[in-house]
Amino acid sequence: MSTGKLVAGVLAGVAVGAAVGVLFAPDKGTNTRRRISKKGEDLIEGVRDKLNQYLDSIKKQIEVIEEEAENLYSAGTSEAEELKREFENTPY
């Protein structure tokens, strides 16, 4: 499942939950709205935390890939220099 679909599903769930909560609330409207608002904020904070964790994991993977690419580049450069020296020292 893509992240976009997950976020859309979560937001749709929040909207449905809020509507059902208002319809069946045994409390005053102001108290109900306050609780719904608080739960929505908590849910958004949870989604934000998960998204940040996901982005951090992607950043770490990018750092590993960059390091591997640098190592590969260094190894390739060294190999190319060695081949160049061998070619220059080869009698024609």
Output the distance between atom NZ (K38) and atom CZ (R35), rounded to the nearest 0.5 Å. 13.5 Å
Pairing residues for E86 by the side chain to side chain contact (heavy atoms under 4.5 Å, CB included) criterion, not counting sequence neighbours: E82, L83
Would you list the atom pairs, donor with acceptor, under 3.5 Å between side chains in residues 49-67 and any protein atom, with sequence neighbours excluded?
unit_1, atom_1, unit_2, atom_2, d
N52, ND2, R48, O, 3.4
S57, OG, Y54, O, 3.4

